[in-house]
Amino acid sequence: MPSLSIGVFDSGFGGLTVLKALLEVIPEADYLYFGDTARLPYGSKSAETVTKYAVEAARFLNQQGAQMLVVACNTATALALDKIARSVSIPVVGVVEPGAQRAAAASRKRKAVVIGTEATISSHAYLRALQNLGVEAREKACPLFVPLVEEGWIEHAVTEQVARIYLGEAFSDGFESADVLVLGCTHYPLIKSLLRRLAQPHVTVVDSAESTAHVVRDLLGHDVKRSVKSSLAPLQFFATDSVEKFRRLGARFLDRPINSVQHIDLKE
Ligand code: DGL
């Protein structure tokens, strides 16, 4: 029986929330996870830089034998999905379209708030995807969330205060009635309960990570049923910076221990 190998790419540790969702929905597959930890964050970089980095990472996973590539990073998806898809010979799935589709399905008011990094928000990728599905969107960059989550300040008074301010600004000026909050960044699933608590009760919180895992499963269809997890290395991790830090921080995002990580130097 063949094993199905899915490549997952992110700027760092955050994409492990997408891997976690994939493991829940497609446990039969093998996974190759690449975190570009030496070059994160992507969220404050230009489209040119993010595209260059993302294409290198995608090619690496393609060469390692991935049969499908999931671009777990919202910023890389928003800024470079087409170019990534053109640079590899395997199907590529990003996180923006699945998140937008789930949001559109959940919104009765046809109004959604999307939060993400500075780069994701200024690309307007979510705004366009939602507009195409008949949903009006308010986009709000929340650059403080990534460092707060990486600091481990999940249920923390400072994070709560910051979230109150961001959400207050986003759900205002005509968007008080928005009934969906899209988590458009890999790190935000870790503060989902906090955001759930702070948002109005009528708001549905949509997690791009979960939505993407379901889209990948639908795309793979029969291949998933035929796949058998390989016993030797069902989960392989590659990082461009310290493997020790990846193990330590990564375990929080993946919600399980990470034993072995391979260090990779990508040639520019
Ligand atoms: N992975 C990024 C995203 O989902 C967040 C971290 C970064 O800025 O690199 O947008």
Side-chain angles (χ1 to χ4, degrees), residues 7-22 33-58 61 69-81 84 92-100 102-103 113-127 129 139-154 159 162-163 166 181-192 195 205-213 237-242 245-246 249-250 252-254 266:
V8 182
F9 153 64
D10 181 50
S11 56
F13 320 97
L16 292 164
T17 56
V18 178
L19 178 59
K20 182 176 174 222
L22 284 162
Y33 182 94
F34 181 95
D36 198 4
T37 42
R39 305 192 286 196
L40 65 75
Y42 282 11
S44 52
K45 294 197 168 70
S46 70
E48 290 71 27
T49 304
V50 170
T51 305
K52 186 161 86 74
Y53 292 171
V55 163
E56 286 167 8
L61 287 169
L69 176 67
V70 178
V71 182
C73 182
N74 285 258
T75 304
T77 301
L79 270 52
L81 188 66
I84 296 171
V92 175
V93 179
V95 282
V96 171
E97 198 56 48
R102 179 71 71 95
V113 165
V114 182
I115 54 175
T117 64
E118 206 73 70
T120 297
I121 296 309
S122 35
S123 76
H124 302 306
Y126 272 105
L127 181 89
E139 300 172 293
K140 172 82 187 151
C142 302
L144 294 175
F145 281 159
V146 166
L148 287 168
V149 168
E150 291 195 357
E151 193 61 37
W153 290 13
I154 304 300
T159 312
V162 168
Y166 281 151
L181 172 65
V182 183
L183 310 186
C185 175
T186 48
H187 288 53
Y188 302 173
L190 275 90
I191 48 167
K192 190 171 172 181
L195 297 171
V205 178
V206 168
D207 181 344
S208 289
E210 270 170 28
S211 323
T212 303
F237 299 95
F238 305 95
T240 51
D241 193 26
S242 155
K245 186 169 180 197
F246 188 94
L249 227 72
R252 279 217 311 263
F253 286 84
L254 191 59
L266 287 183

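Indexing begins at 1, ligand by ligand and atom by atom, following the structure's order. Starting from 1, each residue takes its place in the sequence as its number. Predicted, not measured: the structure shown is a model, and the values here were computed from it.
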Completion exercise
When distances are taken from atom 8 (O) of ligand 1, the protein heavy atom at minimum range is Gly43 N, 2.8 Å
Practice task
For atom 10 (O) of ligand 1, find the nearest protein heavy atom and state the residue, atom name and distance (0.1 Å precision).
Solution key: Thr75 OG1, 2.6 Å
Handout entry: Close N or O approach (Ser11, ligand 1; < 3.5 Å)
Key = yes
Determine whether the side chains of [X] and [Y] contain a donor N or O and an acceptor N or O closer than 3.5 Å.
X: Tyr188; Y: Asp207; answer: no
X: Ser123; Y: Thr120; answer: no
X: Thr186; Y: Thr17; answer: no
X: Tyr126; Y: Asn74; answer: yes

For [X], counting its heavy atoms only, list the atoms of ligand 1 lying under 4.0 Å from any of them.
X: Tyr42; answer: 7 (C), 8 (O), 9 (O)
X: Asp10; answer: 1 (N)
X: Pro41; answer: 7 (C), 8 (O), 9 (O)

Give the contacting part of [X] toward ligand 1: side chain, backbone, both or neither, where contact means a heavy-atom distance below 4.0 Å.
X: Cys185; result: both
X: Val95; result: neither
X: Thr117; result: side chain

Handout entry: Carboxylate-amine/guanidinium proximity below 4.0 Å for Lys192 and Glu210
Key = yes
Handout entry: Residues Arg39 and Glu56 bridged, charged N to O under 4.0 Å
Key = yes
Problem - Exam field: side chain Ser208 to backbone Gly99, donor-acceptor pair closer than 3.5 Å - result: no
